[in-house]
2 protein chains.
Amino acid sequence: MTRRTSRAARDADAVFDALGDPTRRAIVKILAGGPRPVGVIADALPVTRPAVSKHLAILRRAELVTARRDGTQHIFRLHPPGFAAARRWLDGFWDEALARFAELAEGDGG
Amino acid sequence: MTRRTSRAARDADAVFDALGDPTRRAIVKILAGGPRPVGVIADALPVTRPAVSKHLAILRRAELVTARRDGTQHIFRLHPPGFAAARRWLDGFWDEALARFAELAEGDGG
DNA sequence: GTCATGAGTAACCAATGAGTTACATGGGCG
DNA sequence: CGCCCATGTAACTCATTGGTTACTCATGAC
């Protein structure tokens with residue numbers, strides 16, 4: 001209730017925090033190609049598996065990915081609702097700014 | 001075009017990098033209320049003006065804000081096109097992930 | 001010109017956090 | 001049960017960078 005900064009903002013906070021790192025963005029890009037186990041993700045990146053593991057933990061906390069076990073492997077995949085939070089947050093400013101932008105109609109060279 | 005990693009990706013990179021910091025997100029939130037001079041922004045935050053100045057420089061490089069002079073003041077305001085880059089980047093994964101998500105239709109607690 | 005105001009820059013410090021190696025854990029298989 | 005494979009965790013290092021203070025630059029008022 002009334003925590004209007006809350007849910008969306010808190011979620012968005014975690015999401016942008018997570019997406020603020022290039023390696024994590026790279027992981028997200030990889031997972032956009034479909035679910036993959038940690039090892040495969042690490043293989044596609046210039047960092048070690050433990051590093052990827054930690055990044056995945058952060059992405060998971062931000063609810064940008066989910067994991068399921070398949071034998072000894074942990075298969076990670078993108079989790080749409082997480083991205084929705086970021087989108088909504090972004091859209092807020094988009095709307096605000098766009099309105100003012102239109103008002104001023106200043107073609108400052110885009 | 002043709003450089004597929006390029007424009008959108010590069011822009012999005014700068015944008016998410018910029019938005020990865022809580023103070024910069026706070027600045028963006030403040031500017032969502034309308035254009036403001038540096039001093040006013042700094043007053044609304046628990047950091048000094050120089051710090052805000054540096055953050056604004058980063059936001060400007062990411063093209064999330066623009067500035068204009070008004071006497072001795074520098075008035076900053078949100079710059080919608082910058083947010084568009086982030087949105088597009090995000091939408092890419094959104095689409096990808098959503099498709100796969102729907103496929104599996106696994107309501108894992110969303 | 002001189003002074004005052006507002007903002008950017010420089011130099012520096014300290015905390016955060018991304019990365020590494022070494023080790024622990026959990027599940028499948030012989 | 002004992003061994004191996006795929007991950008996660010711990011402990012630690014090092015680079016990045018957000019923050020500060022001190023100083024400089026630009027504009028406007030007088």
Side-chain angles (χ1 to χ4, degrees), chain A residues 10 12-31 33-79 82 108, chain B residues 10 12-31 33-79 82 108:
Chain A
R10 201 156 45 74
D13 230 60
V15 169
F16 281 101
D17 224 53
L19 258 26
D21 179 80
T23 300
R24 285 194 286 270
R25 286 197 294 273
I27 290 176
V28 168
K29 274 183 216 165
I30 290 170
L31 290 181
R36 283 176 175 63
V38 180
V40 171
I41 298 172
D43 267 6
L45 293 170
V47 296
T48 58
R49 260 185 297 247
V52 171
S53 223
K54 283 199 278 186
H55 283 306
L56 284 169
I58 291 170
L59 287 170
R60 180 145 60 171
R61 250 177 271 130
E63 297 184 58
L64 285 167
V65 305
T66 57
R68 95 183 144 80
R69 307 197 65 125
D70 178 37
T72 66
Q73 302 188 104
H74 290 198
I75 312 291
F76 284 80
R77 63 186 168 76
L78 295 185
H79 184 63
D108 68 3
Chain B
R10 199 155 46 74
D13 230 60
V15 169
F16 281 101
D17 224 52
L19 258 27
D21 178 78
T23 300
R24 285 194 286 270
R25 285 197 294 273
I27 290 176
V28 167
K29 273 183 216 164
I30 290 170
L31 289 180
R36 282 175 176 60
V38 179
V40 171
I41 298 171
D43 267 6
L45 293 171
V47 296
T48 59
R49 257 184 297 248
V52 171
S53 224
K54 283 199 277 185
H55 283 306
L56 284 169
I58 291 170
L59 287 171
R60 182 146 60 170
R61 252 177 268 128
E63 297 184 59
L64 285 167
V65 305
T66 57
R68 98 185 142 77
R69 304 198 66 123
D70 178 37
T72 65
Q73 304 188 110
H74 290 198
I75 312 291
F76 283 80
R77 63 184 167 76
L78 294 186
H79 185 63
D108 69 1

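No hydrogens, no waters, no symmetry mates; every other heavy atom, side chains included, goes into these values. The sequence lines fix the lettering, A, B, ..., with proteins before strands; numbering per chain opens at 1.
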Closest contact, heavy atoms only, Ala44(A) versus Ile30(A): CB-CD1, 3.7 Å
Side-chain (Arg36(A)) to main-chain (Gly34(A)) donor-acceptor, under 3.5 angstrom: yes
Using whole Å, what does the distance between atom P of nucleotide dT7(D) and atom CD1 of Ile75(A) come to? 7 Å
Just how far is it from atom NE2 of His55(A) to atom CD1 of Ile27(A), taken to the nearest 0.5 Å? 5.5 Å
To the nearest angstrom, the CZ-P distance between Arg68(A) and dA6(D) comes to 16 Å
If you fit an axis to the five pairs at each end of the helix from dG1(C)-dC30(D) to dG30(C)-dC1(D), how big is the angle between those two axes, to 10 degrees? 20°
By side chain to side chain contact (heavy atoms under 4.5 Å, CB included), Thr48(A) pairs with (sequence neighbours left out) Pro50(A), Ala51(A)
Between atom NE2 in His74(A) and atom C1' in dG8(D), what is the gap in whole Å? 8 Å
When the distance from CD of Gln73(B) to P of dG28(D) is rounded to whole Å, what number comes out? 11 Å
Decide yes or no for Leu19(B) and Leu64(B): does some side-chain heavy atom of the first lie under 4.5 Å from some side-chain heavy atom of the second? yes
Evaluate the side-chain proximity of Ile41(B) to Leu56(B): yes if any heavy-atom separation is below 4.5 Å, no if none is. yes
For each nucleotide in nucleotides 11-30 of chain C, reading 5' to 3', give B when a protein heavy atom comes within less than 4.0 Å of its base, S when such contact involves only the sugar-phosphate, and - otherwise. B------SBBBB---BBS--
Looking only at non-hydrogen atoms, find the nearest pair between Gly82(A) and Val15(A) and report the distance. O-CG2, 3.6 Å
Taking side chain as C-beta onward, heavy atoms only, is Arg25(B) less than 4.5 Å from Asp17(A)? yes
Measure CZ/Arg25(B) against P/dG18(D) and give the value in whole Å, please. 12 Å
